[in-house]
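One structure is given here, and the rest of the page talks about it.
Both ligands and their constituent atoms are indexed starting at 1 by order of listing.
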Amino acid sequence: MVSAAEEKARYLRDALETMNVQRIGKSISWHEHVDSTNLQAANLAKEGAEEGMVVLSDVQDAGYGRLNRSWASPAGGVWLSIILRPKIAIQEAAKITLMGGVAVAETLESLYGLNPTIKWPNDVLISEKKVCGILTEMRTEGRDIQFLILGLGINANCNFEELPEDIRSSATTLRLEKGSDISIMPLIETLLYNIDRLYNVLLSGDTRYIINLWKNRSDTLGRRVAITTPMEKIEGLAMDLDDSGALVIRTDDGGLKTIVAGDCTHLTNAI
Ligand code: BT5
């Protein structure tokens, strides 16, 4: 007997084929429960799974974010991971996360008329509240990226009360923003279509296009921010995103600092 998850995987694969999606979703693995779609995708990638394979789950029991922080993944959300094998330098990989943020924001805008913004580097916000988190993980071999897992979590129809209490003041769901449930399948189809489109642009070398789309949706540029990295805490004005996707900060002594990765807190409203 075909399970509901297998049925959904088949439906999605057919839909993406009809939409002429080139790289993403040629093979799809959909689960009812997993620990984490990123972990599952990484295991499949280690076994040689092809670029573009998508792993989804209705629920994640151990979803995680950066620095192994827990990612709440109750029923009703979109929890998915994509295996990518881009032939780009390791230091270029941050652009994949930025591309994911742009793809999510464009999808939420076109389908629901929402106005999502992106907080550097990886949060998609609606009215300043996090509706989506993105986690890019990679395995390298020497100077090459062997594979990269682009994980996206969107609070679609999650029951707000099922999110942990300590994140409710900073999180939102699409259901909450729209006032009713949204259709999950068109959301996933459009998202994967947009990722495919932007990933092709990125591979063609036109990363400036992606960076500019990101900048136009940025919630971070123009604000005073605090960035915490494992080494330091830096405060200053978020000035720009450079061509590699790193954040450029003007610190209080007037100097410019380029930050590749870190946690960002907005200290003021945008100017
Ligand atoms: C992220 O990490 O935002 C990346 C989250 C990626 C989740 C996807 S789901 C599919 C795939 N499989 C996985 O296991 N992961 C990926 P970070 O920037 O570190 O933010 C984590 C923080 O977001 C937590 O410490 C909480 O404060 C908050 N948080 C946790 N769950 C949330 C949720 N559902 N909605 C909004 N905020 C949440």
I'd like to check Glu109 versus Leu114 (side-chain heavy atoms, cut-off strictly below 4.5 Å). Are they in contact? no

In ligand 1, the atoms that come under 4.0 Å of a heavy atom of Ala171 are 36 (C)

If you scan protein heavy atoms around atom 9 (S) of ligand 1, the nearest is Gln60 NE2, 3.4 Å

Exercise. Mind checking whether Thr258 and Leu247 have side chains closer than 4.5 Å, heavy atoms only?
Worked result: no

Under 4.0 Å from one or more heavy atoms of Gly63, ligand 1 contributes atoms 14 (O)

Any heavy atom of Arg66 under 4.0 Å from ligand 1? The part involved is both

Min over Leu150, Ile167, Ile149 of heavy-atom distance to atom 28 (C) of ligand 1 lands on Ile167

Closest to atom 35 (N) of ligand 1 among protein heavy atoms sits Asn155 ND2, 2.8 Å

Near Leu163 (heavy-atom distance under 4.0 Å), the atoms of ligand 1 are 34 (N)

The atoms of ligand 1 lying under 4.0 Å from a heavy atom of Ser36, numbered in the order shown, are 12 (N), 13 (C), 14 (O)

Contact region, Cys158 to ligand 1, non-hydrogen atoms below 4.0 Å, reads neither

If you measure every N/O of Arg69 against every N/O of ligand 1, is any gap under 3.5 Å? yes

Under 4.0 Å from one or more heavy atoms of Leu80, ligand 1 contributes atoms 10 (C)

*Any side-chain heavy atom of Ile182 within less than 4.5 Å of one from Asn157?*
yes

- prompt: With side chains defined as the heavy atoms from C-beta onward, is the minimum distance between Met99 and Leu150 less than 4.5 Å?
  reply: yes

When you compare the side chain of Val54 with that of Thr37, does any pair of heavy atoms fall below 4.5 Å? no

Logged contact type for Asp166 with ligand 1, heavy-atom cut-off 4.0 Å, is neither

Within the 4.0 Å heavy-atom cut-off, what Ile134 brings close to ligand 1 is backbone

Numbered in order shown, the ligand 1 atoms found under 4.0 Å of a heavy atom of Ser81 are 11 (C)

Heavy-atom contact check, 4.0 Å cutoff: does Ser73 meet ligand 1? no

Carboxylate-amine/guanidinium contact Lys119 Asp219, below 4.0 Å
no

#### Entry: Sub-4.5 Å side-chain heavy-atom contact between Cys132 and Ile154
yes

among protein heavy atoms, the one nearest atom 24 (C) of ligand 1 is Ser70 O, 3.6 Å

With heavy atoms and a 4.0 Å threshold, my read on which part of Leu152 contacts ligand 1 is backbone

If we ignore angles and hydrogens, is there a donor and acceptor under 3.5 Å between the side chains of Gln22 and Tyr193? no

of all protein heavy atoms, closest to atom 31 (N) of ligand 1 is Ala72 N, 3.0 Å

* Side-chain heavy-atom pair Arg175, Asn159 within 4.5 angstrom cut-off -> yes

Check: Got more than 12 heavy atoms from elsewhere within 6.0 Å of CD, Glu17?
Finding: no

for atom 5 (C) of ligand 1, nearest protein heavy atom and its distance come out as Trp71 CE3, 3.5 Å

For Thr37, the atoms of ligand 1 under 4.0 Å from one of its heavy atoms are 10 (C), 11 (C), 12 (N)

Does Lys257 come within less than 4.0 Å of Glu232, counting only side-chain N to carboxylate O? yes

among protein heavy atoms, the one nearest atom 15 (N) of ligand 1 is Tyr64 O, 2.8 Å

Presence of salt bridge, Arg85 and Asp144, under 4.0 angstrom:
no

Taking only non-hydrogen atoms of Gly153 and a 4.0 Å limit, the atoms of ligand 1 in range are 8 (C), 9 (S)

Lys/Arg N to Asp/Glu carboxylate O, Glu50 vs Lys26, below 4.0 Å:
no

Check your understanding: How about Val55 and Val34: do any of their side-chain heavy atoms sit closer than 4.5 Å?
Key -> no

Closest to atom 3 (O) of ligand 1 among protein heavy atoms sits Lys130 NZ, 2.8 Å

